[in-house]
Peer 1: 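Before anything else, here's the structure in question.
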Amino acid sequence: MRAARVTSLDGPASLVVGDVPEPTLEPGHVLVDVHEAGVSFPDVLMSKGLYQMRPDLPFVAGAECAGVVREAASGSAFRPGDRVAAFPVLGAFAETVAVPEAMVFPLPDSVGFDVGAALPMNYLTVHFALTRRGQLERGEVVLVHGAAGGIGTAAIQLARAMDARVIAVVSSADKVATAEAAGAHHVVLVDEFLTQAKQLTDGRGVDVVVDPVGGDRFTDSLRSLAPEGRLLVIGFTAGQIPEVKVNRLLLGNTSVVGVGWGAFWMPDPSYLRTQWDAILPLLENGALDPAIGTRHPLDDVTAALTEIDERRARGKVTLTVR
């Protein structure tokens, strides 16, 4: 089969598409013929050897995908021909991938494979962030950084589905339309987000900040919080890991909350299906409608990862495999 492998730790250019052996079915697993694969920031980090998981070289990249079940182990709830989304963690940038059954999810006939591939990484991360770590309540105000990217658009939609008001922060004017289309109530540029957060909340501040960016905006994110507000740390796409002056937390009765989705579910992958079952009704009723940005053929995998690495993505970037 054809697959995209990381052959050195030199970033997106290190991925090479070629023929590799097909995976074989093991107990407790499902073989999925991949139609579409999602591309995410951890894929970029892994191509540079900067992610917490560092597989031996060469390895087939790709954490998430959607497609059709080819074969399932004895006793599986899945059957050949079932449409599914999956979160294999590695191996999704290939024509076929073997996935533990706990990380395979039913995909309704009404949902396209591109949408299915956009769901596992971003929407389950954001679901964990807002519901379990952020304890978001109806009517609260959520500020979303990186609002035109995959995590950002997912956060906008899920926060809205939870009856929160959303202030989206984008880095340039050409990203405003993406955040608006995702459903943000207000879209502001990053240079003015602190002022706007105060003005749009009548000086009170926001209840929750979703931050997959980090970098030099972190302190102003803390300043934007209302009393008992929560800043959810999801990642550091800006490259710089900020530091917290804890006196700010004390004075404002605010919290900085780590969102380590992977670290949470790895001891018990059944949590992933619980999350999927929670978001599926929102997907079916249209409350969640992933913003699909560019779709690249598998041969253009380097271009897909580079788009994310250079922070040019508008919505979810995917690879079309079939």
Peer 1: Hey, could you give me the CD1/CZ distance between I241 and F236, rounded to the nearest 0.5 Å?
Peer 2: 5.0 Å
Peer 1: Once you round to the nearest 0.5 Å, how far does CD of E228 lie from CG of D207?
Peer 2: 9.5 Å
Peer 1: If a pair satisfies salt bridge (charged side-chain N to carboxylate O under 4.0 Å, His left out) and one of its residues is in residues 253-274, list it, with sequence neighbours excluded.
Peer 2: R273-D277
Peer 1: Do H35 and R83 get their side chains close enough for a donor-acceptor pair, meaning under 3.5 Å?
Peer 2: no
Peer 1: Can you tell me how far apart CG (L15) and CZ (F93) are? Round to the nearest 0.5 Å.
Peer 2: 7.0 Å
Peer 1: Indicate yes or no: does K316 engage D114 in a salt bridge with an N to O separation below 4.0 Å.
Peer 2: no
Peer 1: Quick one: do the S221 and H145 side chains pair a donor with an acceptor below 3.5 Å?
Peer 2: yes
Peer 1: How about L158 and L282: do any of their side-chain heavy atoms sit closer than 4.5 Å?
Peer 2: yes
Peer 1: Considering the options V213, V210, D211, N122, which one meets the side-chain contact (heavy atoms from CB on, under 4.5 Å) requirement together with I234?
Peer 2: V210
Peer 1: I need the Q157 CD to L283 CG distance, nearest 0.5 Å.
Peer 2: 9.5 Å
Peer 1: Look at the side chain of R54 and the backbone N and O of G49, then say whether any donor-acceptor pair between them is shorter than 3.5 Å.
Peer 2: yes
Peer 1: Check this for me: does any side-chain nitrogen of one of R295 and E36 sit under 4.0 Å from a carboxylate oxygen of the other?
Peer 2: yes
Peer 1: What I want to find out is whether D220 reaches R223 closely enough, with some N-O distance under 4.0 Å, to be called a salt bridge.
Peer 2: yes
Peer 1: Under the 3.5 angstrom rule, does the side chain of R230 hit a backbone N or O of G134 as a donor-acceptor pair?
Peer 2: yes
Peer 1: For the residue pair I167 and V142, establish whether any side-chain heavy-atom pair is separated by less than 4.5 Å.
Peer 2: no
Peer 1: I'd like to know if D174 and R314 make a salt bridge, using a cut-off of under 4.0 Å between side-chain N and carboxylate O.
Peer 2: yes
Peer 1: Side chains of Q275 and Y123 only: does a donor on one sit below 3.5 Å from an acceptor on the other?
Peer 2: no
Peer 1: Between H296 and T294, is any side-chain donor less than 3.5 angstrom from a side-chain acceptor?
Peer 2: yes
Peer 1: Measure the spacing between CG of L124 and CH2 of W276 and express it to the nearest 0.5 Å.
Peer 2: 7.0 Å
Peer 1: Is it the case that the side chains of T96 and R70 hold a donor-acceptor pair, with the cut-off being a distance below 3.5 Å and no angle test?
Peer 2: yes
Peer 1: Does either side chain, that of S110 or that of E284, offer a donor lying less than 3.5 Å from an acceptor on the other one?
Peer 2: no
Peer 1: State the CG-OG1 distance between D289 and T153, to the nearest 0.5 angstrom.
Peer 2: 10.0 Å
Peer 1: Tell me whether D309 is salt-bridged to R312, with the criterion being a basic N under 4.0 Å from an acidic carboxylate O.
Peer 2: no
